[in-house]
Each structure stands twice: as structure tokens, then as C-alpha cells.
Amino acid sequence: MTSPLPSPNTTPLPSPNMTSPTNPNTAAPASHTQLRVLRQLYTHSPLTKQDIATQLGLSLPTVTAALRALEHNGTVARTNPRASTGGRRPATYSFNMRRHVALGVTIRSTEIVCIAVDLSGAIVDQRHTTIAARAEAIFYQRAAHIIEDFAHSLSANGLTPLGTGLTVPAHVNAANSLDYERIGANIAPPVTFTERYCAYALAEHWARPHLHDAVCLFLGNHIGSAVIVNGTPHTGAIEHMQLVPGGPQCECGSTGCLNVYCASNRLAEEGESLPGFFGVLEQGEIHHRERMRAWLQSLGHAIANVHTVFDADVVLCGPIAGYLDDAEIAQLQQMSAARPTAARRIPDYSGSPRIIRGLCDKYQDATGAALAVVKAHLASLGCV
């Protein structure tokens, strides 16, 4: 990548070369009262006018005026009326989760995946395009065209895109990485960059909002990591923790890293797929069991090291995590708990930090990049 991200968090990219579409935020409610009503509906929909007036301590005429404005710009929608208690059935109102959608894009070696999510985080559409990624101007133009075409198709179906989130890999050896800024420069703004493993962590946090502090480990051909602190993901480098001094060399230049001992090639033999490995493992083949045992010991060692400095849950995501069964997760938990830890327990925190199997969605990074755009929009409304 020719221009590294300026920070581990999401970063907007201006694009003066393209004609900017109408900014969807221009229709956002302006008054303080409208914002209060909107926030209440985001967390408590559906509500009647009387519900809103009672919960916010507002008069009915004030709530009616706010709802009228919010309905007019499409931010709030009427939903099914409640059952009658003797008079007219009262109308209910809900936050319009389909008022906007956000695009998330991940570029793999042979495909570009575009995913659109609404303001609730639900996937509403996706498109997979087979194309070989190359660090060339023609690829950057084609990639931008694929993304723009997906956005136009959403607009044609009555959905208003908020912006596009691009996932960016953060491997140490990034000499041959794509220039994502050049791709973004050919996409109508706003464009947001999200580091790939932060995108995985964003999706995990969205699915589990209680994970205010956590460590996310991506388990696949490479090991990746992100750390969630107070609900915000940050790029990590836990994969380059040294487990065995003088062990095999890692791509980072050091030796004996977690990335060496827990990448997928430590499980599957040459030419063997992960499904093939775990299929044979289930049959009890001795060499596969030995490799699995060594792999679990290395990962358990790394998690125990994490817990010496960070008393937080560890979320395992990525293709390998999807194959781990409950017994293997329990083994990791036991390995971690058996090691003495220097992390201080929070007084009202019961039990040890958990090891959790994550969502393990194949394109979770694209979803996470879209959620970064959604989260920024909701934050501008004060809803999160």
C-alpha cells in the first residue's frame, strides 16, 4: 500500500474528482426536540405519540410537530396501530431503518464483494464480482466502477446510500498491497477506510454490544488482531507476539510468532483444505489430532499472555474459528485459566474472561466496514 492509513480507526476520504451525490445527512432533523424524539424511537420503537410524550416529558402538540417533520423527511415511519382500548386505535411510530444504507467493500485476490446494510445493521443486498486484483491503474478504475454500479443499483431500488466503507489489510509485509486511496479517489464521496481486522471487530461488537473491552483474533491463512476498548476497535499486532524464541521465521522478520504457529498451514497439510483437515480430524486420525493439539496449545499460550495485560474476553473469528467445537473452546479456556495472570480482576466482575467463538462470516470485514459508516451516521444523530 503506497499510503498507509493515518490512524487505526476509520478515516474519511474526500474525492474532489467526482460529482458528489446529495448528502443524505442534509435531510437530518435540525431541532433539538426532533433529535430527542428520533433517539427515543431508535432504541424503543414502536411508540405512540403518548408514549413519546410521557417518556420525554414533552407535550403532545410538541411531539406531533416533531413526528410530522420526521415523517416528512423519511427518518420516521408509521407502523401498525396498537389494539384499541375503547376508542380509536393509536398509531405507532418507528425509526426508519431503511432510510439509508451503507456500503461495505472487501477486495480479495480474485473477487470484489460489496455488501449493503441498513441502519439496524441488517444486510439488505450484496454483490460478488470475480476479478483478479492487481496493483494497476486499470484495476483501480474497474474496482471503482464495480462499487459505483452497486451503489447506483441500490438507489434504483429506492435505497439511499450513506457512503462506502473500504476494508484495508494491515499485514506487516505490505509491499505489494493495492493502493486503496486510488480506488477511493474514483468513488463518489463519502468514502471511509477501515483496517480489515478492525472491521471484523466492529461486526463482533455490533452483534454483542456488551463487549466494551475485548480482543478479536482472526484465525486463517494469516493471524490478525484488533482490540476493542470502550466499544472502539483499534488495530492490534498480537499475531506477532513471540511464543518460541528462535522458532520458525515470521513474515514480520522475527521468529516464533503466534502467526507462525497458528496459521492454517500448521493444521492442514500441503494441498489439504480446512474442511478436509477437520473432516479427517473427526475420524480420529492420529497425525491430525497431534497437529490440532499443538495448535490449541500455541493459541492457548497466546491467549494466556493476552490476559496477563488485558482482562477482557477474547473473540475468535475467521475460517478456523468456525470449525472449533465447544470442547475445543473449553480446552482453550482451561489452558488460559491454568496460567497465572497479572491482570487485575474488576471487583464486580464475576468469573474469568471468556473465550468466545465469533460470527465467523466469510465476508465479515465487508459488513464491518459498512457498519463503520452506519455507526458514524447514528453518532451524528446522537443515537449511539
Side-chain angles (χ1 to χ4, degrees), residues 8 109 169-177 195-197 200-201 214-227 234-274 276-278 280-281 285-325 327-343 353 355-358 360:
S109 58
H171 295 316
V172 170
N173 182 16
N176 297 318
S177 292
E195 189 275 314
R196 185 186 183 201
Y197 300 120
Y200 274 93
V215 173
C216 291
L217 289 178
F218 174 90
L219 308 174
N221 293 335
H222 290 270
I223 306 301
S225 61
V227 179
H234 303 269
T235 301
I238 296 170
E239 60 270 25
H240 297 297
M241 171 199 304
Q242 189 177 60
L243 298 181
V244 182
Q249 187 166 20
C250 178
E251 62 183 16
C252 71
S254 186
T255 59
C257 295
L258 169 62
N259 186 48
V260 172
Y261 285 98
C262 288
S264 59
N265 61 5
R266 300 294 289 194
L267 291 175
E269 298 175 325
E270 186 175 353
E272 184 180 41
S273 66
L274 276 177
F277 170 83
F278 282 98
V280 175
L281 180 68
E285 200 277 326
I286 186 169
H287 297 297
H288 283 62
R289 284 191 297 175
E290 289 174 351
R291 289 204 299 277
M292 189 67 196
R293 187 181 303 112
W295 186 90
L296 285 169
Q297 287 175 346
S298 295
L299 184 59
H301 180 185
I303 292 173
N305 287 349
V306 167
H307 283 158
T308 64
V309 294
F310 194 33
D311 188 24
D313 295 333
V314 172
V315 182
L316 306 179
C317 51
I320 300 177
Y323 286 101
L324 299 180
D325 60 25
E328 288 156 346
I329 297 291
Q331 286 182 54
L332 291 171
Q333 190 79 56
Q334 291 169 1
M335 291 177 195
S336 176
R339 289 177 175 265
T341 169
I355 299 173
I356 304 168
R357 186 189 303 103
C360 301

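These numbers come from a predicted model, not from an experiment.
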Of the non-hydrogen atoms in P353 and A312, which two are nearest, and what is the gap between them?
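That would be CB-O, 3.2 Å.
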Side-chain touch [X]/[Y], heavy atoms, less than 4.5 angstrom:
X: L267; Y: F278; answer: yes
X: C216; Y: Y200; answer: no
X: I223; Y: H240; answer: no
X: I355; Y: I303; answer: yes
X: W295; Y: I320; answer: yes
X: I238; Y: L258; answer: yes
X: Y261; Y: P248; answer: yes
X: L332; Y: L316; answer: yes

Nearest 0.5 Å, what's the CD1-CD1 distance between I329 and I356?
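Answer for the CD1-CD1 pair, I329 versus I356, is 9.5 Å.
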Nearest-0.5 Å distance, CZ of residue R196 to OG1 of residue T235
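If I round to the nearest 0.5 Å, the distance is 13.0 Å.
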Sequence neighbours left out, what passes side chain to side chain donor-acceptor pair (under 3.5 Å) with [X]? Give chain and number order.
X: S264; value: N221
X: N265; value: none
X: E285; value: H288

Please enumerate all residues that pass salt bridge (Lys or Arg N to Asp or Glu O under 4.0 Å) together with R357, with sequence neighbours excluded.
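With neighbours one apart ignored, the set is D326.
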Qualifying residues under salt bridge (Lys or Arg N to Asp or Glu O under 4.0 Å), relative to E269, sequence neighbours excluded:
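For E269 the salt bridge (Lys or Arg N to Asp or Glu O under 4.0 Å) partners, ignoring immediate neighbours, are R291.
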Taking [Y]'s backbone N and O only, do any of them form a donor-acceptor pair with [X]'s side chain (distance below 3.5 Å, no angle check)?
X: S254; Y: C250; value: no
X: E328; Y: D325; value: yes
X: T255; Y: Q249; value: no
X: E239; Y: H222; value: no

For H301, check ring pair (Phe, Tyr, Trp, His ring centres under 6.0 Å) against everything at least two apart and list the hits.
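H301 satisfies ring pair (Phe, Tyr, Trp, His ring centres under 6.0 Å) with no other residue.
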Measure the acute angle between the ring planes of Y197 and F218, then classify it against the limits of 30° and 60° as parallel, tilted or perpendicular.
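The rings of Y197 and F218 sit tilted, inter-plane angle from 30° to 60°.
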